[in-house]
Each structure stands twice: as C-alpha cells, then as structure tokens.
Colleague: 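Please read through the structure below; I'll follow up with questions.
Note that the coordinates shown come from a computational prediction; the quantities given were computed from them, not determined experimentally. The first residue of the sequence shown is numbered 1, and numbering continues consecutively from there. Ligands are counted one by one from 1 in listed order, and the atoms in each one are counted from 1 as well.
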Amino acid sequence: MGSSAGSHTTSKNHMNQPAGMTNNKKKTKPRETRTMAAKNYLVLLVLLLTDLVRSSDSFERHRLLENGLGRTPPMGWNSWNYFHCGINEEIIRATTDAIVSTGLRDVGYEYVNIDDCWAELSRDNEGNLQARNSTFPSGIKALADYVHSKNLKFGIYSDAGYLTCQEQPGSLNHEDQDAKTFAAWGVDYLKYDNCHTDGSSPRIRYPIMRDALSAAGRPIFFSMCEWGQEDPATWASSVGNSWRTTGDIENKWESMISIADKNNAWAEHAAPGGWNDPDMLEIGNGGMSFQESRTHFSLWALMKAPLIIGCDVRNTVAQDLAILMNKEVIQINQDALGVQGRKVAGDGEQEVWGGPLSNGRFALLMLNRGSDPADITAEFAALGIPSNVSVMIRDVWKHQDLPGTGTYNSSITSRVESHDVAMYILTPV
Ligand code: GAL
C-alpha cells in the first residue's frame, strides 16, 4: 500500500510537469527541468510496468487454487500400491513410525495417506462417513492425531461419485458434509477419485469438493484423480493442487515409462500450487530393477511429480530406501522455481530430458530405454543454455562433481546402462 501512495504522488508531479516546462521556460533551468521530467517519466514507466506485472501476477494467481498448498510437489506415502484394500490402523501407525525411523520424514516425506477401503460401507444415521470398525476401531481422528504427533500430515481418500472404486460411500452430493468431517478429523490431504459417478464431467464435480474443502476451515491439499480423462492439466489449476494425468501405474518398467511419456505431454501446465500427477511410486515393490527404479524416481523428480511412496516402508530394503532418500534428486523435485522438466531431445531409445532450476541452474537427465548400454550426448543448447556459457556439472546419483568442473561448455557424453539414467545439475560459472 505504501508504494501505491507513492505512485499517486509521483503521477501528480508528472501531470503538472509538462505545463511548468512550457510556461516557465525562463524561470527554470531548461536542462534541470528536462532531467526532472525524464526522471518522472521513468518513475511513471516503472510504476506502470510494476502494476502490469502485479495485475498479470494476480490474474495468474486467480487461475490457481488459492489454498496456499503445494508450492512444491507433495511428498509422502500412500497405502494403495502395496496394500490395496488390506489396510488397518496398526499398519498405518507402524508405517508412520517407519517413516520417522528410516529417516524418510527428515528428507521431506510428510503426508501419510490412506487410500480406498477405510470406511464402513454405509453412512451413519446422520449421513456421516464412518471409519470401518473392523479395521479402524479407534476412528480416523485418533489416527490423524497419531500421525500429527509424529510431526507428519494425514491424508484420506474419497470419490466424486456415489461410491468409491472399492464401493465404500462416495462424496457426490455429500461434499459439504464430508469436507467438514475431514476437517474435523484433522485431514491435511484429500485424494479424490472418479468411480461410480452420475456421468457428469469432472469439471463440474471436482470444483464442488474444492469449494466444500475451502469452506471447511482447514487447509487440505486437493489431489484430483480423474485419471487424465478430460485433460485436467488444461483446466484443473483452479480446482486442485495436483491432477492425475494417466490411468493407474503398474509395478513394471513398461507401465512406468509409458506413464512418464504421457505425463510429459502436459509439462507446460505444472506450476507451484498445481502439479501434473503421473501416479504414485512403485519403488520398493519389487517389480523393477535397481536401474529401472532409479529411472522411475529421477523422471518423477524431474517432472515435478508428487513423490508419494507406494511400498511397505516397514520392510523396504536399503537399496530402494537409498533411491527414495537421494536428497540431491529430491532437491530437483522440490526446487523453488517449480518448472516441470521435459524431454528435450531423443533418437528412439536414447533421450535427453531436462529443465530449468532456480538460480540459473538446470537439471539434465539422460535416459537409455534400450536393452544395451549406450553413450548419450546431451547438447546444452537443447536445455536453453547459451553457447558461450560454461557450466559446473554435478552427478546427483554419484554425488560428485564431474572432473574438469567449469570447463563444460556445449555438451556432455555419458555412458548409460540399459533402462538407466544419468542425472546432473548444471550450474553456470
Ligand atoms: C483408482 C485410483 C488408484 C486407487 C484406486 C482405489 O481409481 O487410480 O490410485 O486409488 O482407485 O480403489
């Protein structure tokens, strides 16, 4: 507000100035006057430009869901990929403990999310959702309290239809009531699925829950799961904090890599507050090799995807944990600039992906889809790095700077194993 008061005064001066110049030629020193006028014009120009930037900024913000959440992609765990419907409160508590004891919490994983199958198959007499008594006898509020007591956040699941995919009650036509229930329970994240609907567009049904959540009085990350059916990347930034861009991931290379390709197509639509979601991680579930698992993690990190672990973290082997806990790769995902990296070059089986990071840096990923090791060359120009700029290169999987730091100025070639990646951060010097 201080600056707008300033702008008012300055504009007034500016308006008076030309008249003064014309009428008082003899009284004022022309050079000084011209300098003053030029200064005032400059100030006005700066202010106009500032306002322009501000109004385009607020236009941008208006298009975004304004709940302040998801400024970087969410990180956490979800029960579905490993447990499916076999969840209960002991498993969720033990998982919460494991997220702390493994150190996952300390590298940024914060949401503990239960998926489908947590509720009774009918609502109570007042129409409220209720925890399934056989598996969650202490109730959801107690579970959320437990998760919060470990300095973690709690997420739940519902559906924009009459029933969820596993046929517990959905939230269609109960949005306000369910949003209030979730807020009262201490829910921090809602995954909202798309089964058993009334046939209307997600564009109609999802905003109703968005509004119900925002009226419920608790910030709740809104994770839309309409499987990319109506190209949500093009419209959902004003509705959700993330939106699935694909169908369900399966625990194998072919599924993971095809989902990465589909998600890549929507790169330009991701931004702080709203992210493309290519589904949860399968790392730790045994369907992919070490190389494939780190490719999965690297691509999801580069694409600014939600990093939602989908394995049994109580029993995850050290090698998989090490992938999930690679802080340098996580930093790429959580970078403040929030620009989704994308495929920038490729000739069939060997590809180069990348994108800008904060402070003028770049993330670079070389992907070998082939069945033999290959040398892959990344031209820096493909990332938008000017040809006269030298860069320092940091290998985020080897955790070391490449030899000859500062001398790379147009490209780098690396040997990449089958179904593997090399991943770097490039810092201009
Ligand atoms: C699917 C969803 C999965 C999981 C499942 C539960 O629609 O894509 O991630 O939530 O429903 O039934």
Colleague: What is the closest protein heavy atom to atom 5 (C) of ligand 1, and at what distance does it sit?
Modeller: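 Answer, as residue, atom name and distance: W80 CE2, 3.6 Å.
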
Colleague: Of all the atoms in ligand 1, which lie at a distance below 4.0 Å from a heavy atom belonging to D116?
Modeller: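 Per the distance check, 6 (C), 12 (O).
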
Colleague: Just so I know, are the side chains of T245 and K262 near enough to count as touching, which here means a heavy-atom distance under 4.5 Å?
Modeller: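 A side-chain contact under 4.5 Å is absent here.
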
Colleague: Using a 4.0 Å cutoff against the non-hydrogen atoms of Q166, which atoms of ligand 1 qualify?
Modeller: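 Counting from 1, the qualifying ligand atoms are 12 (O).
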
Colleague: Which of the numbered atoms in ligand 1 are under 4.0 angstrom from any heavy atom belonging to C225?
Modeller: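 Contacts of ligand 1 toward C225, numbered from 1: 2 (C), 8 (O).
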
Colleague: Which heavy atom of M280 sits nearest a heavy atom of I249, and at what distance?
Modeller: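 Heavy atoms of M280 and I249 come nearest at O-CG2, 3.5 Å.
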
Colleague: Hey, which atoms in ligand 1 end up nearer than 4.0 Å to a heavy atom of K191?
Modeller: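 Those of ligand 1 that fall under 4.0 Å from K191 are 3 (C), 4 (C), 9 (O), 10 (O).
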
Colleague: Do any N/O atoms on D193 end up under 3.5 angstrom from N/O atoms on ligand 1?
Modeller: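 Yes, since at least one N or O of D193 sits under 3.5 Å from an N or O of ligand 1.
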
Colleague: With sequence neighbours excluded, give me every disulfide bond (SG atoms under 2.5 Å apart) pair touching residues 200-273.
Modeller: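 Qualifying pairs: none.
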
Colleague: Using a 4.0 Å cut-off to any heavy atom of C165, which atoms of ligand 1 qualify?
Modeller: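 In order of numbering, the contacting atoms are 7 (O), 11 (O), 12 (O).
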
Colleague: Which residue owns the protein heavy atom closest to atom 10 (O) of ligand 1, what's the atom, and how far is it?
Modeller: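 That would be D115 OD1, 2.6 Å.
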
Colleague: Minimum heavy-atom separation for A183 to R218, with atom names?
Modeller: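 Shortest heavy-atom separation between A183 and R218 comes out as O-CD, 3.6 Å.
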
Colleague: Looking only at protein heavy atoms, which one is nearest to atom 8 (O) of ligand 1, and how far off is it?
Modeller: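 Checking every protein heavy atom, the shortest distance to atom 8 (O) of ligand 1 gives D248 OD1, 2.5 Å.
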
Colleague: Would H84 count as a contact of ligand 1 if the rule is a heavy atom under 4.0 Å away?
Modeller: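 For ligand 1, residue contact (heavy atoms, under 4.0 Å) with H84 is absent.
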
Colleague: Side chain of W118, backbone of Y157: donor and acceptor closer than 3.5 Å?
Modeller: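 Pair found, side chain donor or acceptor close to backbone of Y157.
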
Colleague: Among Y189, Y192, F182, which residue meets the ring-ring contact (aromatic ring centres under 6.0 Å, His included) test with F222?
Modeller: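 So the option named by the test is Y192.
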
Colleague: Kindly indicate, with the supporting measurements, whether the criterion side chain to side chain contact (heavy atoms under 4.5 Å, CB included) is fulfilled by E226 and R205.
Modeller: CA-CA 11 Å; E226 60 80 271; R205 285 174 286 114; over 6 Å; no

